[in-house]
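What follows is a set of notes on a single structure, which appears directly below.
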Amino acid sequence: MTDHPPAILASQAFQRRLLDWFELHGRHDLPWQQDRTPYRVWVSEIMLQQTQVATVIPYFERFMARFPDVQALAAASRDEVLHLWTGLGYYARGRNLHKAARTVVAEHGGEFPVGSLEAMAALPGIGPSTAGAIIAQSTGWRAVILDGNVKRVLARLHAVEGWPGRPAVERRLWALAEHYTPDHRVVDFTQAMMDLGATLCSRGRPDCVACPFNDACRAHARGEQRRFPESKPKKAIPTRHAAMLLLQDDAGRVLLEQRPASGLWGGLWSLPQFEDEAGLLGWLDQHAPRAELDAAWSSFTHVFSHFRLEITPRPARVTRLDAVGESRRWFDPEAPDSIGLAAPVKGLLESLRPFTLSAPESPHSDVQEK
DNA sequence: AAGTCGGGGGA
DNA sequence: TCCCCAGACTT
C-alpha cells in the first residue's frame, strides 16, 4: 500500500492521553515556565535550539538577570550579549537575538508580534517551529510546533520512513503535527509533546512500557522504535590545521582579533589565526619584527560538526606594538572583560592565569590547590 | 536541496 | 569515540 492509513488514534483521543500523561509526568518547573511573557519564552526557545534543557538553564538565568526585558537587551552592546552566550554555541543565535530585540523595539513598539506567525518568523533567528512555540507558550493560541522532540514522537507513532532533514519527510511530519494539535490547552499540549520526546520517547532508550501510546505506535508494533527517526546519512569530516599566535606584551596582555561578523565564530574575539607556521611567522615579521618567539605549545583538537580543527598555539613576546588597528585589541587574562570569546581561545587564555588568584566569585573550581 | 554553524552529553 | 540535540540561515 502506498498510503498511510489515517491517524491511528483520533486526534482528540491522542490529545486526551497526552495531557493526562503530562499532568503526572511532564515538566512544570522550568525557569521559562514561570512568568511566560513573550520575551522570556522567546529567549528560552532560541537558547533551546539544538541545545538541551540542562545546558540552557544556567545561561537563561544569567541572561534574565542581566537583560530582564527586551528594552534592556536592545540597549546592550553586541559584545555583551555574546559574552553571556560564550560556551552555548551557535553564536548566530546570539547575534540574531540581539538584532531581533532591536527590531521589536524599533518596529513593534517593544511588543512581540505574537498575533502573526508570519511576523514572528520574520524576526531573525525565528523559524517556523520557534515562531509556533513562542506563540503557543506565551499566548495559549493555537500554533503548531515541530522540533526534534516532536519529530521523534511523530516519526515513531506513524513509522515515518526517511531522514527528517529531507523536505518530503519534514512535510509529512508537519502535516501530522498539524493534525494532532488541538484548539485548546495549547500551552500544555506543546510542552507535553516536547516533554514526551525529551524523556519517555527519548532517542537512545525509549520507555515504551510507560508510554500512553504503546498500543498505537507503529514503530513499537514492529519492535523498531529505535530505528525512527532515521539518522542523517554520515560523511567523513576533514581535519584542518590552524596556527594561533599567542602574543603577549610585557604587561601580560594578549593580542586578540575580532572575527568577521558572519561565519565561524562570527563576531567573537579570537587569536590571530593562520593556516600554518609560515603564515604566522610572515605576519609577525611584518607587524612585530622584534617579537621574541617561544617554542610552540602542543597541539589540541577542537571538534566542529563538520570538521576538526587542530590548533597549535605559538607564544611570542613583545615589549610594545604600535598600531593595533580597528579589529584588534589587547586582553588581560587576569582581568577579563565582557566580550565573546571563541571557546578554545577562552580555555587558552584561562590557562595563562596563575593558580593563586583571588577567590573566584562562583565556587566552581575543579582542582583546588592544597 | 545541501551546506553551515558549536558545545555538551549520553551510550 | 560517535552521534545527536527545543533549527535557522545561506548558497
Side-chain angles (χ1 to χ4, degrees), chain A residues 26-27 30-33 41-60 82 85-97 99-100 120-134 136-137 143-153 155 162-171 173-174 177 190-199 201-206 226 228-238 259-268 270 301-309 340-347:
Chain A
R27 296 177 291 192
L30 298 172
W32 42 90
Q33 290 179 310
V41 171
W42 167 59
V43 172
S44 75
E45 291 296 334
I46 301 299
M47 288 186 169
L48 286 161
Q49 288 169 0
Q50 298 290 288
T51 311
Q52 294 178 352
V53 166
T55 304
V56 163
I57 287 176
Y59 285 89
F60 180 81
L82 290 178
W85 209 272
T86 296
L88 198 52
Y90 283 107
Y91 298 98
R93 295 184 301 172
R95 297 195 303 271
N96 285 332
L97 196 79
K99 202 184 307 177
M120 288 296 292
L123 292 169
I126 299 181
S129 182
T130 300
I134 297 170
Q137 293 283 315
V144 182
I145 66 168
L146 188 65
D147 63 13
N149 288 315
V150 180
K151 284 178 180 173
R152 185 165 51 252
V153 169
W163 174 52
R166 279 173 42 202
V169 179
E170 182 160 343
R171 278 197 300 276
L173 293 172
W174 270 111
T190 52
Q191 187 64 48
M193 285 294 279
M194 293 188 283
D195 286 359
L196 189 74
T199 61
C201 196
S202 64
R203 179 180 60 89
R205 206 175 59 78
R226 296 280 305 277
F228 296 93
E230 289 182 22
S231 54
K232 178 179 182 165
K234 49 181 164 182
K235 249 175 38 179
I237 65 174
R259 306 274 308 182
S262 62
L264 192 66
W265 294 327
L268 297 185
S270 186
T301 302
H302 187 77
V303 184
F304 295 94
S305 51
H306 50 304
F307 67 94
R308 304 167 188 283
L309 188 62
L341 286 170
V345 174
K346 183 168 186 253

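What you are looking at is a predicted structure, and each value in this text was computed from that prediction instead of being measured. Excluded from the calculations below are hydrogen atoms, water molecules and symmetry mates; all remaining heavy atoms, backbone and side chain alike, are included.
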- Inter-nucleotide P distance (dT11(C), dG6(B)), Å rounded: 15 Å
Is any side-chain heavy atom of [Y] closer than 4.5 Å to one of [X]?
X: Pro206(A); Y: Arg226(A); answer: yes
X: Trp85(A); Y: Leu97(A); answer: yes
X: Tyr59(A); Y: Thr86(A); answer: no
X: Leu146(A); Y: Pro128(A); answer: no

What's the closest nucleotide to the [X] side chain, out of [options]?
X: Tyr90(A); options: dA8(C), dG9(B), dC5(B); answer: dC5(B)
X: Gln52(A); options: dG6(B), dG9(B), dA8(C); answer: dG9(B)
X: Arg203(A); options: dA8(C), dG7(B), dC4(C); answer: dC4(C)
X: Phe304(A); options: dC9(C), dG6(B), dC5(B); answer: dG6(B)

Between [N] and [X], is there an OP1 or OP2 to side-chain N/O distance shorter than 4.0 Å?
X: Ser129(A); N: dA8(C); value: no
X: His306(A); N: dG3(B); value: no
X: Tyr91(A); N: dG7(B); value: yes
X: Thr130(A); N: dA8(C); value: yes
X: Trp265(A); N: dG7(B); value: yes

- Which residue, Arg226(A) or Ala168(A), contacts DNA chain B at a nucleotide closer to its 5' end, judged by nearest heavy atom? Ala168(A)
- Using heavy atoms to find the nearest nucleotide of DNA chain B for Tyr59(A) and Pro167(A) separately, return the residue whose nucleotide is more 5′. Pro167(A)
Remember a base hit wins even if backbone is also touched, and classify [X] as base, sugar-phosphate or nothing at under 4.0 Å, heavy atoms.
X: Gly263(A); answer: sugar-phosphate
X: Trp85(A); answer: nothing
X: Arg308(A); answer: sugar-phosphate
X: Gly125(A); answer: sugar-phosphate
X: Ile126(A); answer: sugar-phosphate
X: Ala133(A); answer: nothing
X: Ser262(A); answer: nothing
X: Gln191(A); answer: base
X: Glu45(A); answer: base
X: Arg152(A); answer: sugar-phosphate
X: Leu30(A); answer: base

- Note on the structure: When every non-hydrogen atom of Arg93(A) is compared with those of Met47(A), the smallest separation belongs to NH1-O, 2.8 Å
- Query: Between Arg27(A) and Ala198(A), what is the shortest heavy-atom contact and its length?
  - Reply: NH2-CB, 3.6 Å
- Query: Can Asn149(A) and Arg152(A) be counted as having a side-chain donor-acceptor contact under 3.5 angstrom?
  - Reply: yes
- Query: With nearest nucleotides of DNA chain C determined for Thr51(A) and Ala122(A) from heavy-atom distances, which residue corresponds to the more 5′ nucleotide?
  - Reply: Thr51(A)
- Message: Return whichever of Trp32(A) or Leu123(A) has its heavy-atom-nearest nucleotide of DNA chain C closer to the 5' end.
- Response: Trp32(A)
- Task: Report the relative orientation of the aromatic rings in His302(A) and Trp265(A); use parallel for angles under 30°, tilted for 30 to 60°, perpendicular for over 60°.
- Result: tilted
- Note on the structure: Writing each nucleotide of DNA chain B 5' to 3' as (, ), [, ], | or . by Watson-Crick or G-U pairing under 3.5 Å yields |||||.|||||
- Task: Starting at CD of Glu45(A), measure out to CD1 of Ile126(A) and round the result to the nearest 0.5 Å.
- Result: 9.5 Å
